[in-house]
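Heads up: the structure comes next, in structure tokens.
None of these values were measured; they are calculated from a predicted model. Chain naming here is simple, since letters A, B, ... match the order of the sequence lines and numbering starts at 1 in each.
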2 protein chains.
Amino acid sequence: MDDKNLELVHLLRAVTVEFGLRQAEFAAANGMHTTDVRALICLLDATRAAEPATAGLLGTRLGLNSAGTTAVIDRLERLGHVTRTRDPEDRRRVLLSVTPEAIRLGQDFFGPAIAELAGVSESLTPAERDAVRRFLTTARAAFSGA
Amino acid sequence: MDDKNLELVHLLRAVTVEFGLRQAEFAAANGMHTTDVRALICLLDATRAAEPATAGLLGTRLGLNSAGTTAVIDRLERLGHVTRTRDPEDRRRVLLSVTPEAIRLGQDFFGPAIAELAGVSESLTPAERDAVRRFLTTARAAFSGA
DNA sequence: TGCATATCTCTCGCTGAGCGAGATTATTGC
DNA sequence: GCAATAATCTCGCTCAGCGAGAGATATGCA
């Protein structure tokens with residue numbers, strides 16, 4: 001094997017690099033830091049997965065300690081991108097939600113790229129789509145946890 | 001379309017998130033910062049592409065200004081992960097090269113994940129592999145430049 | 001019930017990554 | 001040669017994120 005099979009690996013890594021740069025660009029364009037953008041993505045993911053979007057979860061996902069987590073949330077709240085609510089079920093916890101404005105901001109910026117990708121996805125046969133899914137799922141697993 | 005075609009997009013984003021975390025983990029495990037790891041990756045990419053790995057190029061790729069770039073290189077040099085050489089062709093420039101030790105470090109850490117991915121790649125039919133390539137190439141293009 | 005312990009978030013002070021400005025050294029064109 | 005340009009480095013500063021620990025709520029056990 002080797003170069004033949006490493007091609008896709010390198011391609012994937014190139015994608016992550018580009019995506020990271022674009023994320024940084026989006027951050028800068030909106031007076032944020034990359035961590036803040038990653039935080040918003042995290043919160044949206046949690047919401048989509050119907051997980052409670054708490055401060056603690058956010059910190060864990062971002063690899064920040066509690067002080068840093070508080071700072072991120074402070075910044076996002078100050079910019080009006082998230083709101084804090086005390087969890088009525090467990091009043092130690094703080095629930096976070098992304099504001100509609102922040103969501104629109106993200107859509108405006110990443111919308112075109114996402115549409116393009118959705119387009120390619122649509123053009124794939126079910127078998128091809130499954131191959132992509134297999135590749136990406138393996139990648140996610142290979143890079144997660146241990 | 002929608003959810004059907006956004007599935008792969010979300011999956012791709014999840015991969016980039018995991019990869020980012022893993023990168024941070026690698027960095028922490030070796031007394032580095034994520035920027036330093038990104039710098040090493042950049043330098044290896046440049047070498048593979050037979051581009052001159054100069055300090056300036058590195059800074060541009062990482063989105064750092066000259067001061068920050070110097071700092072990154074200082075850190076990496078102090079750790080013995082890169083070496084500086086004055087370009088004999090243009091003595092204003094500094095050529096950077098990643099040391100074998102740093103390369104081994106990376107292989108030890110990312111090798112298993114890469115092997116796993118190469119394995120999936122190998123298991124794909126040429127048509128499937130082409131589909132993955134198409135998807136990733138589009139992604140890279142969609143997230144690059146403007 | 002009432003106290004000890006665990007859990008979640010926040011505050012404070014500090015370190016250091018990355019920025020802006022400008023100095024330094026090397027190259028190139030006139 | 002001498003100005004203009006290019007590549008890198010130095011200095012001082014700001015602020016993201018860390019460690020330590022405080023405050024508030026929840027839970028287990030006597």
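At a threshold of 4.0 angstrom between heavy atoms, the contacts of A/Ala67 include nucleobase atoms, whether or not backbone atoms are also involved. Using a 4.0 Å heavy-atom criterion, one finds that B/Thr54 contacts the sugar-phosphate atoms exclusively. Contact annotation for A/Thr69: no contact, since no heavy-atom pair falls under 4.0 Å across all strands.
As a whole-Å value, the separation of B/Arg75 CZ from C/dT15 P is 17 Å. Rounded to an integer number of Å, the gap from A/Leu57 CG to C/dT9 C1' is 14 Å. For the pair B/Leu96 CG and D/dT8 C1', the interatomic distance rounds to 11 Å; values are reported in whole Å. Summarising the geometry, the separation between CG on A/Leu95 and C1' on C/dC8 is reported as 12 Å, rounded to the nearest angstrom. One atom, CG of A/Asp87, and another, P of C/dT7, lie 17 Å apart when rounded to the nearest Å. Rounded to an integer number of Å, the gap from B/Asp90 CG to C/dT28 P is 6 Å. We find that CZ of A/Arg84 is positioned 10 Å from P of C/dT9, with the value rounded to whole Å. B/Leu62 places its CG atom 14 Å from the P atom of C/dA17, with the value rounded to the nearest Å.
Of the candidate nucleotides C/dA26, D/dG17, C/dG18, C/dA26 has the atom lying nearest to any side-chain atom of B/Arg91. The side chain of A/Arg92 sits closest to C/dC8 out of D/dC18, C/dG18, C/dC8. Which of C/dC19, C/dC8, D/dA7 sits closest to the side chain of B/Arg93 comes down to D/dA7. Taking only side-chain atoms of B/Ser66, from C-beta outward, the nucleotide of C/dA21, D/dC18, C/dT9 with the closest atom is C/dA21. Side-chain atoms of A/Thr70 lie closest to C/dT9 of the nucleotides C/dT27, C/dG18, C/dT9.
Residue order along DNA chain D, read from the 5' end via each residue's closest nucleotide, puts A/Gly63 first among A/Arg86 and A/Gly63.
Checking each of A/Thr54, A/Thr85, A/Asp87 against A/Arg93 for a side-chain hydrogen bond (donor to acceptor under 3.5 Å, both in side chains) leaves exactly one that passes, namely A/Asp87. If you run side chain to side chain contact (heavy atoms under 4.5 Å, CB included) between A/Arg13 and each of B/Thr16, B/Ile41, B/Leu136, only B/Ile41 comes through. Each of A/Leu58, A/Leu57, A/Thr83 was evaluated against A/Leu96; a single residue qualifies, A/Leu58, per the side chain to side chain contact (heavy atoms under 4.5 Å, CB included) test.
More than 12 heavy atoms of other residues, nucleotides or ligands lie within 6.0 Å of CZ in A/Arg84, so this atom counts as buried by the packing criterion.
A salt bridge does not link B/Glu101 with B/Arg104: none of the charged nitrogens is closer than 4.0 Å to a carboxylate oxygen.
Within 3.5 Å, no donor on the side chain of B/Asn65 pairs with an acceptor on the base of C/dG18, nor the reverse.
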